[in-house]
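FYI, side chains are in, hydrogens and waters are out, and symmetry mates aren't considered; it's all heavy atoms of this structure. From a predicted model like this one, the values you see are computed outputs, not experimental measurements. Residue numbering restarts at 1 for every chain, and letters A, B, ... go by the order of the sequence lines.
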Amino acid sequence: MRWSKTLIPTIKEIPQDAEIASHQLMLRAGLIHKLSGGLYTFLPLGLKALRKIERIVREEMDRAGAIEILMPALQPREIWERTGRYATLRDTMFKILDRQNRHMVLGPTHEEVVTDLVAHEINSYRQLPKTFYQIQAKFRDEIRPRFGLMRAKEFVMKDAYSFDTSWEGVEKSYQAMYDAYVRIFERVGLRTKAVEADSGAMGGSASHEFMVLAESGEDGIVECGDCAYAANTERAERKLTAAAPSEPPPVTRVVTPDCRTIEQLVAFLKVKPELLIKTLIYVVKGQPVAVCIPGHRELNEHKLARALGGDVQMADAATVEKVTGAPLGFAGPVGLTIPVYADTELASGQASIAGANVADTHLLNVRLGRDAQVAAWHDLVICREGDLCPRCGQPMREKRGIEVGHVFKLGVKYSQALDAMYLDETGNRQTLIMGCYGIGVTRTLQAVIEQSHDANGIVWPASVAPFEVAVLPLNVNHAETMRVAEELVAALEAQGLAVLMDDRDERPGFKFKDADLIGFPVRAVVSERSLAEGKIEIKQRSATDKKMVPLAEAAGFIAGLIRES
RNA sequence: CGGGGCGUAGCGCAGUCUGGUAGCGCGUCAGCUUUGGGAGCUGAAAGCCGUGGGUUCAAAUCCCACCGCCCCGACCA
């Protein structure tokens, strides 16, 4: 391919809209073009890279025994109502009316559609197990699209769904996908880490996320420095240090004018935040509850939801004032009539300063269990740096990650709702057990760039590079240079390589900068200077040294470099 | 949806406070020179100053409303 015949709009300046390196580079290298928030056109280079990732995904899915299908993105709303997910996902779904005024949605994911398919087409244990997958655009009305392709309203996902007759079977299907994911991310050149994760709205019993470690990642993860434990901070648990239980003297009041936040209280009372009991009012299944956690901690709403078995929502100011009888900022567990749930760390009694449910007043020497009844103790806080590993007790490290893949053991949530049954060996109708597995393909593309770039631009792994080689004839008006460049391109293409020739009439420095920005794994320069020696100058993007290689050997040499990488 | 910021030429920005002929850099087009790390000179094209309304002799500038974009939070591949 010749540069002049395609569209590669590189830009020198850093786009103002883009915050993180990979987003900036995708725009600067001319991979994508923004239509509007969260919606992008893939330009030739971006599309080529995307296709290469898709191809790797297909190869590994096929190798793992998954069957490719293609389901409609446009779906009747009714099928979502049957699983109860229209209620939970309605805000993230794009909703449309057809000309008959039938309610349709654009698929944000495909559990419903695939389960409906299997309910109709699979009847016998003889046809099982099966795993189906597709690579397709998904639509989600994200609250906040972000960072280019990282969180878009329309994005390409590889989604797979397994159907088994037993939990042992699910285990196998899950493991097969897990292993395939490890290979896929390895092949696209990403270093990923599988972490234990929360199943969230998807439901199900267990799940792992594949994380690309990156400062710009939207997820927090903690990992043990000693053993293999790693988990999303939403999910992660911690081991508590065995603190000696403390039995404070009776409760006393203290006046704390205008101290509504932990920071204000810490400053006013001159105590450590660890000694405070933070009391939050939540609404669960329509009922207000109080949640107590240590003052230096953040509540983990996922854990709270799991512990209380329902959607949780922070109470509004009016509810808080009604429940506590005090203005916002002075809630405490003592004397409340609503159930109080407390984080297990508070069981030691170390923290003892709490709101008094009276304006400008706090209580000292509060002992949960003694001065206030606790409905239940749970692990309720977000894990962070320094917390102890729940398995081995060693301190954990906190990192940021980009979630590029997620695997779930789902169970029977969808198959039950949509009657996906089969006849077993004894002729009994049984419910299928499912798993589901997603890879954000467009996100993976950007994650590769996020993890693989330098000050000059992208450094593509050859496996996903839009072109493996750039051939730069430095003077396009020099006939011999062009003749040699064209021969080199032909020879490289004969080796099965994708080659871009920069045939623009530009100065050498200009072409070098663009080649670095786009990040071709190998750059071959044809110039009058090198031609005088009968040689081609070859440089790898990831290296600093250049090699002069005789004309006749150049194509073979480059093919060798690509193969090794 | 809550909080913050920003909309002026294809891109990056100044001009807005204090109303008075729309500016700079990059890019684009033409010409000459240049030719191994984003060239120089000369000339040219290109702007409903986000949209609608209001105030005023006069609005990019002041007021109101709306729209869009970016960042922080909830959501998620």
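Using C1' as the reference atom, B:U51 and B:C67 are 7 Å apart when rounded to the nearest Å. Straight-line distance between the C1' atoms of B:C76 and B:G19: roughly 49 Å, to the nearest whole Å. When the P atom is compared between B:C63 and B:G47, the two are found 29 Å apart, to the nearest whole Å. Nucleotides B:U33 and B:C69 are separated by 43 Å at their C1' atoms, to the nearest Å. Straight-line distance between the P atoms of B:U8 and B:A44: roughly 26 Å, to the nearest whole Å. Comparing B:G5 with B:G54, their P atoms are spaced 28 Å from each other, to the whole Å.
Rounding to the nearest 0.5 angstrom, the gap separating the CG atom in A:L472 from the NZ atom in A:K539 is 11.0 Å. Atom NE2 in A:H406 sits 14.0 Å away from atom CG in A:D159 (nearest 0.5 Å).
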Just the atom pairs and distances: protein N or O near nucleotides 11-15 of chain B's N or O, under 3.5 Å.
{"residue": "B:C13", "atom": "OP2", "partner": "A:Q16", "partner atom": "OE1", "Å": "3.2"}

Under 3.5 Å between N/O atoms: give me all the protein pairs with nucleotides 42-49 of chain B, atom names plus distance.
none

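Contacts of A:D514 with the nucleic acid, taken as non-hydrogen atoms under 4.0 Å apart, include base atoms. No contact: A:Y181 has no heavy atom under 4.0 Å from any strand. The residue A:D159 sits apart from the nucleic acid: no heavy atom pair falls under 4.0 Å. Among the protein residues, A:K138 comes within range of no part of the nucleic acid, since none of its heavy atoms lies under 4.0 Å from any strand. Using a 4.0 Å heavy-atom distance criterion, A:A197 is classed as making no nucleic acid contact.
Tested against A:P466 for a side chain to side chain contact (heavy atoms under 4.5 Å, CB included), the candidates A:L47, A:L45, A:I458 yield a single pass: A:L45.
Side chain A:D219 to base B:C76: a donor-acceptor pair is found below 3.5 Å. In the interface, the side chain of A:R151 is paired with the base of B:C76 through a donor and an acceptor atom under 3.5 Å apart. Side-chain N/O atoms of A:E506 and base N/O atoms of B:G38 include no donor-acceptor pair closer than 3.5 Å.
At whole-Å resolution of the value, CG in A:L474 and C1' in B:U35 are 9 Å apart.
Within the 4.5 Å cutoff, the side chain of A:H33 has no heavy atoms near those of the A:F42 side chain.
For A:V526 against A:T481, the heavy-atom pair with the smallest separation is O-CG2, 3.4 Å.
Under a 4.0 Å N-O distance rule, the pair A:R187/A:E59 qualifies as a salt bridge.
Between B:G73 and A:R146, a contact under 4.0 Å exists linking OP1 or OP2 to a side-chain N or O. Remark: A:H23 is not in phosphate contact with B:C70, judged by side-chain N or O atoms under 4.0 Å from OP1 or OP2. The side chain of A:R144 places an N or O atom within less than 4.0 Å of a non-bridging phosphate oxygen (OP1 or OP2) of B:C72.
Relative to the six-membered ring of A:F185, A:R191 misses at least one condition, a distance below 6.0 Å or an angle of at most 45° to the axis.
Between A:Y161 and A:F132, a ring centre-to-centre spacing not shorter than 6.0 Å is recorded.
Toward the 5' end of RNA chain B, the nearer of the two residues A:E301 and A:K511, judged by each one's closest nucleotide, is A:K511.
For A:S452, the side chain to side chain contact (heavy atoms under 4.5 Å, CB included) partners two or more places apart in sequence, or in a different chain, are A:V459, A:P461.
Remark: the A:T10 side chain and the A:D514 side chain contain an N/O donor-acceptor pair separated by less than 3.5 Å.
A stacked arrangement is not assigned to A:F512 and the six-membered base ring of B:G38, the conditions of a centre distance below 5.5 Å and an interplanar angle below 30° not being jointly met.
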